[in-house]
Novice: 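Just passing along the structure, written as structure tokens.
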Amino acid sequence: SLSQIEVQSMRVDCKVASRFAHTVMTTKALNTANASQEVFFEVDLPKTAFITNFSIEIEGRIYVSEVKEKEQARQQYESAVSSGLTAGLVKASGRNMETFSVSVNIAPQSRVTFTLTYEELLQRRLGSYEIMIGVRPKQLVQNFEIVVDIYEPNGIAFVDVNGTFITNELLPLVKKTVTDKKAHVYFSPTLDQQKTCSDCEETLVDGDLFIRYDVNHPQDIGEIQIINGYFVHFFAPDDLPQMPKNVVFVIDRSGSMEGEKMKQTREALMTILSELHEDDYFGLVTFDDTIESWRPFLSKATPENVTEAKEFVKTIEARHMTDINKGLLFAVDMLTTEKSHSFPDMSMIILLTDGRPSSGQRDLSKIQENVQNAINGSMSLFCLGFGYDVDYSLLDTLAKQNDGLARRVYEASDAALQLQGFYDEVATPLLLEVNLNYPGNAVTDLTQSHFRQFFKGSEIVVAGRLQELETNTFQTEVSANGLGDQFVFEGVAIAEEWDSVFPDQEYIFGDFIERLWAYLTIQQLLDKREKCSPEDKENTTAQALDLSLRYNFVTPLTSMVVTKPETEDEDETLIADKLTEDQREDTTEPDLSALYAPPQKAGSVYQVQGLKPQNLISSYFVDGD
Amino acid sequence: PHFIIELPDQNDALCFNIDHKPGTIFNLVRDPPTGIVVNGQIIGDKKIIPGNKMHTYFGRFGIVNEKFGIRLMVSTKEILVSERGKHANFSWTNNKTLEGLNMDLQVIKDRSLTVTLRNSVKFLIILHKIWKMHPYHQDYLGFYTLDSHLFSSNVHGLLGQFYHGVNFEVSDLFPGKDPDKQDANMFVKGNKLTVTRGWKRDFRQDVKNGEKVPCWFIHNNGTGLLDGVHTDYIVSGLF
């Protein structure tokens, strides 16, 4: 960060086994100055990741972090700081990343090592998984390495590597080795190769590295992996006919949409309408404080109807106030009225809005209640939120309560592409009412195993624990409604001889499936909190908190307390939190946290004499490492 | 196996590893006045990860109380008890409590065995169950002394020699061979040793993850801390 701070090495080590990614970022720096200097460690990590560990090592002394219940960490923190501001170490960065940053004062000629570890379950979108690594060393680095190892027992279909900083000069330096079940990506430019020109000190390495890959997907019961008493079941049959759908686009045309947002919405809708499947039925509802629809009924996506709809889209103009409640209820009514044997089984609403309700029903919980009651499990609601001031948590809750999902649309030049990309994800339903069952009593602690719909290019993931560690086979049954009739697949999950699949890869035999299970369970419990009763919410929160603490995950319920040396006598404690969607909206300057803990003295002299006092109990034991 | 000697009055602990050929039996506790002997047999991993060294663990323990005619053999598979000619066999797969005249046993399914010898000592044996299909590791046992205050002053063995405390001093820390850890000089039993600050795990509360116990690690199989060397504690049989 300063010219006299020399970044000696930076290593990103990412191991992915069965879509569960474990990334360790290690940076070593030396203060070459003759005075103390502040060294900044700032890394980007995916917002879907949970930080699991962080440490700072200064001249052999290691300061480790500790994950604590959020409120407990906060109390500790507030009681120690009588005045002044406090600091969040994590802040939102761009669309998909969060920045973790910390700085530490380093004595002259001293070394510091920062190590950050995070984990995430990669989600399959549009037919691939994506590993995203933020790489911004800010200066030339003597030893720079990115090492990614992917282990997928069912076989890797393809691996693509690209990056925002990968120029033609750097591209040949990205080494990619893909064998049947393993992939290895290695990128390690020398000092000269990092330079923007031979005499420059600026680095070319500044941006994001993306690794996209897919695996082979069995078309029957899917892929099941069993390790150390836990299992994970992936189900992603792509080779199925598309199901037709009824879709109603509910478009906010309130005053705040005026300008670029409205233009982008129109552009995106023009493209989306062109891509409707001819067997689909669709409707367009626009709302401000009044509701208007293109037609009062659903229309088949024939070329003629699509052309007419596009003409209507061109006429949508922003004006007046926002009545989300009425707009959504109108769409639900439209889909419910039309529901008959002649229409497809699957119905969805796609809400495009930027704003907080300013007309009609403005009580957010009442809107959620009204919409949920009206939909009553019969259709899915997807929400797209425009702009940083969008009430995203309202949209997120609305979507989660109604089997859909919410997504932000960033108001940039590619907003229309973002809208289209989102639509592509949900445009091709292949299955409805998917159930993954495990008959008998072999499994327990299952994550969500019923899914209202399955879209082409996505993946259903269920994880669980086995009742007995010794269990290596169990019955599996997958049922769903496809284009034709209902189908049921039955099969037996069998633990693989992993050592023959990945010989000598000790990581594979560790606890990654157990951590995958914990990650998924926590995510689903956090989502469940949005839609359950207040009584259930308490219980659900307690379960999610327990798992977060047990597995050392920094989730919205926990904080990571980071201790760092500050002065001769005092260490400073900072707190890293997982951002919630509400916090991501807040783009104002973050607080600065500071909490003072007593110093840990190194180099004390220990002197032990005589017998132990009666009131203290010694332990003498022997066990395995 | 890793040995931990916790000294709570000093708020500190000592630790060392003992590694030897799998199958070797070590004496852990020998107390002639009370007639109590504890021996343990070590096992190795199923397979050594290339580039790593062989780790060993305890796979069987033999506990003898001569005074009461009790012999207890605990392995990762079963628990065999004999008392004055009577024999009983327990499994790890069920909870079981046995209250005898001279000994109480409590088995917690797939987890632990607590042995209480009347008017003398209490031990805890922890079963570490490993997934059967794990290519490298196998089930192993841990041995914890819960109460040792009734042992005689003559008690000895790899663990027993520490039951009545140990005197040591540690100098200032200095950078060690391992860049992640710091070393210090320890003065103990007339020896000056280079020890390393590290930690080992106590699995009593959380059998899966354990709880980290910071300790001074004595290298070379505890040489210098132990009376004699570790091979002096090798015995020919479990009983």
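Chain A is the first sequence line, chain B the second, and so forth, proteins listed ahead of strands; every chain is numbered from 1. All values below come from the heavy atoms of this structure, side chains included, with hydrogens, waters and symmetry mates left out.
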Novice: Can you name the residues that form a side chain to side chain contact (heavy atoms under 4.5 Å, CB included) with A/Thr27, not counting sequence neighbours?
Specialist: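 With sequence neighbours excluded, A/Thr27 shows a side chain to side chain contact (heavy atoms under 4.5 Å, CB included) to A/Val7, A/Met10, A/Phe41, given in chain and number order.
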Novice: Just say parallel, tilted or perpendicular for the rings of B/His137 and B/Tyr57, cut-offs at 30° and 60°.
Specialist: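 B/His137 and B/Tyr57: perpendicular rings.
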Novice: Just jot down the salt bridge (charged side-chain N to carboxylate O under 4.0 Å, His left out) partners of B/Lys208, sequence neighbours excluded, or say none.
Specialist: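 Listed in chain order: A/Glu514.
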Novice: With only heavy atoms counted, which part of A/Asn472 is less than 4.5 Å from chain B, the side chain, the backbone, both or neither?
Specialist: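 Only the side chain of A/Asn472 comes within 4.5 Å of chain B.
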Novice: B/Lys129 versus chain A, heavy atoms under 4.5 Å apart: side chain, backbone, both or neither?
Specialist: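 Answer is both: backbone and side chain atoms of B/Lys129 are under 4.5 Å from chain A.
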Novice: Given heavy-atom pairs under 4.5 angstrom as the criterion, report whether the side chain, backbone, both or neither of B/Ile130 touches chain A.
Specialist: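 The backbone, not the side chain.
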Novice: Is it true that the NZ or CZ of A/Arg515 lies under 6.0 Å from the centre of A/Phe553's six-membered ring and within 45 degrees of the ring axis?
Specialist: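 Verdict for A/Phe553: a cation-pi partner in A/Arg515.
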Novice: Contact part of B/Lys46 toward chain A, heavy-atom cut-off under 4.5 Å: side chain, backbone, both or neither?
Specialist: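 For B/Lys46, no heavy atom lies under 4.5 Å from chain A.
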